[in-house]
Structures are given as structure tokens and as C-alpha cells.
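Taking it in order: structure first as C-alpha cells, then the write-up.
Note on naming: letters A, B, ... go to the chains in the order of the sequence lines (proteins, then strands), and numbering restarts at 1 for each one.
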Amino acid sequence: MKFQAQRGTEDVLPAQAGKWRHVESAWLELTLLYGYGEIRTPTFEDTQLFIRTSGETSDIVSKEMYTFRDQGDRSITLKPEGTAPAMRAVVEHSLCPPGTVLRLAYVTPFFRYGRPQKGRLREAHQLGLELVGANSANADAEVLEVVSRFFAKIGIPDSVILLNSIGRTECRERYRAAILEHIAPWLAEQTTEDQEKAHKNPMRLLDSKDEKVHAVLAGLAPVTDFLEDDSKQRFETIQALLTEAGVKYRLAPEIVRGLDYYTETVFEVQSDKLGAQSSLCGGGRYDNLIGEIGGAATPSVGVGIGVERVLLALEAYEVAIQDSKPVAFVVSAGQDAAARNLVRELRDAGIATDWDIESRSMKSQMRQADKSGARFALVIGDTEVQESAVQVKELAKSEQFLLPRAEVVKWLQERA
RNA sequence: GCGGGUAUAGCUCAGGGGUUAGAGCGCCUGACUGUGGCUCAGGAGGCCGUGGGUUCGAGACCCAUUAUCCGCCCCA
């Protein structure tokens, strides 16, 4: 019986793991700089948590969740996104009492059932951040600033944030009605299925890839024309703050997002290098979510960044990420015990060291030293043992000299 | 969930109804018995994704299945 990783899941192999560490630690370091504390939430939650927050009619809830009954007959769902679990924890542990502001960051797997494609897995990973309890435009702007700085930090050039505001509930009601009115003649000729879909959530038509839909929507006023005064005010302030912070953004009326919990600010970062799964990052403001799950009304903003997609983008932009290499490779010329002791001493001293545990030929060991990328080969044989010394060879330069055994650690520490 | 493409060595791929299935790269060994990269020589490694079928004969053709890729849907 031969097994393979489940459909839509991936092994991250040692050759790739360095890139993952690079991206994840960049995120945690950056958010720490902005005062975000890390939170880790469980992999599965009560199914109702996601139904209540993402919305029963959202695609994620209606057809993409990994939901099952456990042996205690509870309905369990593997988290399909990071925000709802984090907010559940905030409410459960009273992390953000009224009047306070809370900053949370995380790296988490998430699960969505669908046909896998490049950049779309069933188990994927997300870098996330939530700014909880903050109502001011400063909050929206800060989240966007972190996103922008993050992409710059890891080396993805010229990322532009696509920004929109979809207003609050009342505004959206009016806009939905306006859309339906605008498309009514066209919609009447569509299939029942398309009609139902359009009525369920008219705004999703805006980010359709179908040219015909675009044509039908031509002439429709943008949602921002329907914003209440204070929403409009916030939207403008955010833009001013982004300009002040040097964050590149573009107004994008077609960005509407697929989760029901968003209010007012929504945004995405896309890349044309990723094919159909072009969204690297998405987020927005969710002022009603915490109230929806039993907490006091708490305005909040957050973002999720797809790790796999960021890695694809890094690859597409040919951003070089150096793998960690050993400093020293110890070569034994028939002196395995002495070599082993040297290796152990170096490792104990914190110097990354490798050697050939299979006692192969000298030639083979030198080849391995070369391939390992180590800066120095340390050769230890009969003569060296006799003289209490080690041959140190700087591989790139092919230069070699005899160094007293007692000085090896110190010598390498000065060069590591 | 819908439509289409692909599956041959560790990797990238060629081949094509007929005896022992190939290349490049990678890997291992060796080329004055203590020294890597370059070169040269040798070698290991594949039931041609899996299961059925057609055929005298299938890695090739057909069906199913699994995985993957592209598009849709959706989003990270």
C-alpha cells in the first residue's frame, strides 16, 4: 500500500522550508514592531461560529467547509479562515474590554473544500492580523500600512492595495436595490440559477470575470456614491493617511469580498503573476462580527495574507532567499573519533557543523563539504591528531593551513 | 462543484501496438592509495500513476480511478 498526501494538501520539504520561515518570521517580526501580540487558536471550532460570522449564504459556508460530527455528536468545522476563531477567543477571554484596543497577529492553517488549483489548496496557510476595538480611520490605515510594509520587506515589488468601501448595512441595502434595478432587463433573460445568485448577493456581480456582466453593469454608480456621510468621511481620511504613510493604493469599486462580516473598508492585494488565483491578501473592517458572536459591539479591522500565494509570487519575481548553510564541514582521514569530537565541540559552541556519518572516502567527504555550502572544510587525520591541530581549508579560495586544535572553536566563532 | 489538458528514472522530458524502455541533469564509484568544484570512465536507479478492457502481443489504443495543471466558480 502506497500512500500520498491528501488531495489539495502539500508537504513542505526541507528545500522549501527556508522560504516558509522567511515569510512567517518576517510577518511575526513586523507585527511585533507594530505592537501585535501573537495568538494561536485551535484548528477546529463549533460549526455555528463560522455560519454566524461568514454568513449562511456565503460560498465558504455553503459549500467549502470541512464539517463533520465528532464522537460526541458535536458539529465540528476545520477553520476556513482566521478571523472568527480569533474573535471567539477575544470574547471568551475578555481580551478587549470596551474602551480598549487589542492588536493580534497569527500564522494559521485553514481549510476549504474545493477543486485544487495552483495557489488554491484545501489546506492552506494564512498570515493574519486583527486590530480589535478600534473605530478610527487610523486603525484601517495602520492595517494597510502593515500590509504594504510586509510586501516590501519580503521583496515583492510594487504591491498595490486595491481599496474600496462597501458601507454599512443600510448603505448596502440601498446599493443592492440599485444594482438589481440597473440589471433588471438583463437579469430577466438569465437562467434561474443566475437569477437566484444575483438576488442572493447582487454585489458579487461586481467582481465577476465575465465580460458580459461588466457590460451590463456599465453606467452603474460605484458603491461609494451610496455611502453615508460618516462612512464617506472615514474612506477619505483613510486615503489621506495612506498617502501620508507612503502606502500605494488604488480605488477599486469592484472589490466587494465574499464574507458577510465586512463593513465599510475592504481591500485586496493582487498579483498578475499567479494565474487565476490572483489574490495575495484580503481584508477589511468588520464592526458587527463580535456582536454577532455574543460580545459587546466592537469595531475591528483585519487582514489575511495567503502564505502559499506569497511564496508563488516570490518565486515569480525570482526573489532569492538564502538557505542556511553549515559553517564548517569536518572531514575525517581515518580519524572518526577525533572528527566526531570536533563536530560535537563545534555544535555545542553554536557553530553549524556537518560531517560524513557514513565514513566514506576522503574524496567523497570533500565533495559533500563542497555541496553542503560550508565555508570551511576541517580535515583531521593521523598527522593532525599527532600534532593536536586541524587543517582548515576555505573552500571558496582553496586555501589551507594548519590551526592548533585548541583554537578551532574560537577561530570559527570569529568568522561565523 | 463544472469544462479541458497531463501522468515514462530523484528532477526536466523524449519515445511509441512487437525482442532486454532512453537522454540531460542529479546520485554513487573510480582516474599517481590525505583534498571539493572542471574533465573523463564506469555504475545504481523505472512492473511507463493505479485498476480493468481491446489485441497473438499494450508503456503506447479504450474505459474507469487517483493525482496534478489550466480555465470557471470561489477566494488566501
Side-chain angles (χ1 to χ4, degrees), chain A residues 1-10 13 15 23 54 58-65 79-83 107-128 147 193-194 197 201 204 207-210 213 255-259 266 268-271 274-283 302-313 329-335 339 356 358 360-385 390-400 402:
Chain A
M1 185 71 188
K2 212 171 171 185
F3 295 101
Q4 56 189 206
Q6 287 300 292
R7 181 165 209 205
T9 68
E10 260 178 6
L13 305 178
V23 168
S54 295
S58 70
D59 287 279
I60 289 177
V61 168
S62 60
K63 52 186 195 193
E64 294 180 353
M65 293 207 304
K79 58 170 135 175
E81 57 106 20
T83 300
V107 179
T108 180
F110 65 98
F111 306 84
R112 287 181 203 174
Y113 190 90
R115 185 112 136 200
Q117 223 175 298
K118 190 172 186 179
R120 181 173 65 193
L121 295 161
R122 289 179 174 178
E123 177 182 26
H125 298 79
Q126 185 175 74
L127 310 173
V147 168
E193 194 188 332
D194 284 347
K197 207 165 127 188
N201 194 345
R204 295 320 304 273
D207 62 0
S208 165
K209 287 178 188 170
D210 190 339
V213 174
I255 299 289
V256 295
R257 312 292 305 154
L259 300 171
V266 291
E268 279 186 33
V269 174
Q270 299 181 354
S271 168
L274 300 187
Q277 310 305 320
S278 59
S279 182
L280 284 174
C281 145
V303 61
I305 300 173
V307 178
E308 283 85 353
R309 290 185 187 177
V310 165
L311 291 172
L312 287 172
F329 193 102
V330 173
V331 173
S332 158
Q335 283 288 350
D356 178 27
E358 295 294 321
R360 278 171 288 205
S361 71
M362 181 98 187
K363 195 184 201 67
S364 168
Q365 291 183 59
M366 286 305 294
R367 251 200 296 265
Q368 291 174 68
D370 185 49
K371 272 197 335 203
S372 75
R375 189 162 161 211
F376 303 103
L378 308 180
V379 182
I380 188 156
D382 297 347
T383 340
E384 288 75 20
V385 169
V390 170
Q391 285 286 350
V392 177
K393 182 169 192 176
E394 182 157 7
L395 288 162
K397 296 184 182 165
S398 276
E399 286 168 7
Q400 180 172 333
L402 200 64

Arg367(A) side chain, from C-beta outward: closest of A76(B), U29(B), U35(B): U29(B)

Sugar-phosphate, base or nothing in reach of Glu81(A), heavy atoms under 4.0 Å: nothing

Sugar-phosphate, base or nothing in reach of Gly334(A), heavy atoms under 4.0 Å: nothing

side-chain N/O Ser364(A) vs U29(B) OP1/OP2, d < 4.0 Å: yes

Salt bridge present between Glu268(A) and Arg257(A) (N-O < 4.0 angstrom): yes

Pair Gln368(A), Ser364(A): side-chain N/O donor-acceptor within cut-off below 3.5 Å: yes

Side-chain-base donor-acceptor pair under 3.5 Å for Arg115(A) and C73(B): no

Sugar-phosphate only, base, or nothing, as touched by Lys371(A) at under 4.0 Å among non-hydrogen atoms: sugar-phosphate

Gln126(A) side chain, from C-beta outward: closest of C73(B), U66(B), A76(B): A76(B)

Sugar-phosphate only, base, or nothing, as touched by Arg360(A) at under 4.0 Å among non-hydrogen atoms: sugar-phosphate

Stepwise side-chain contact (heavy atoms from CB on, under 4.5 Å) test for Leu121(A) and Thr9(A): CA-CA 6 Å; Leu121(A) 295 161; Thr9(A) 68; over 6 Å; no

Sugar-phosphate, base or nothing in reach of Glu384(A), heavy atoms under 4.0 Å: base

Donor-acceptor pair under 3.5 Å, Lys393(A) side chain vs U35(B) base: yes

Touch class at under 4.0 angstrom, heavy-atom based, for Ala124(A) against every strand present: base

Gln117(A) or Glu64(A), whichever maps to the more 5' nucleotide of RNA chain B: Gln117(A)

Touch class at under 4.0 angstrom, heavy-atom based, for Tyr113(A) against every strand present: sugar-phosphate

Nearest-neighbour nucleotide for the Arg257(A) side chain, A67(B), A76(B), G30(B) considered: A76(B)

Nucleotide paired to U6(B) in any strand shown, Watson-Crick or G-U, under 3.5 Å: A67(B)

Base paired to G43(B) (Watson-Crick or G-U; both N/O distances under 3.5 angstrom): C27(B)

Sugar-phosphate, base or nothing in reach of Gly8(A), heavy atoms under 4.0 Å: sugar-phosphate

Length of the CD1-P vector between Ile255(A) and C74(B), whole Å: 13 Å

Listed nucleotide nearest any side-chain atom of Arg120(A), set C72(B), U29(B), A67(B): C72(B)

Opposite nucleotide pairing with G1(B), Watson-Crick or G-U, both atom distances under 3.5 Å: C72(B)

Criterion side-chain contact (heavy atoms from CB on, under 4.5 Å) on Gln270(A) and Ile255(A), from CA distance to verdict: CA-CA 11 Å; Gln270(A) 299 181 354; Ile255(A) 299 289; 4.1 Å; yes

Minimum-distance nucleotide (side-chain atoms of Leu259(A) versus C73(B), U35(B), A76(B)): A76(B)

Options A76(B), U35(B), U29(B), nucleotide nearest the side-chain atoms of Met366(A): U35(B)

Touch class at under 4.0 angstrom, heavy-atom based, for Leu121(A) against every strand present: base

CA sep, side-chain torsions, deciding dist, call: Gln365(A), Val379(A), side-chain contact (heavy atoms from CB on, under 4.5 Å): CA-CA 10 Å; Gln365(A) 291 183 59; Val379(A) 182; over 6 Å; no

Contacting residues from residues 306-313 of chain A, given that a heavy atom lies under 4.0 angstrom of RNA chain B: Gly306(A), Arg309(A)

Identity of whatever pairs with C13(B) - Watson-Crick or G-U, under 3.5 angstrom: G22(B)

Base of U35(B) paired with side chain of Gln391(A) (donor-acceptor, under 3.5 Å): no

U33(B) - base-pair partner by Watson-Crick or wobble geometry, distances under 3.5 Å: none

Spacing of Gln365(A) atom CD relative to U29(B) atom P, expressed in whole Å: 10 Å

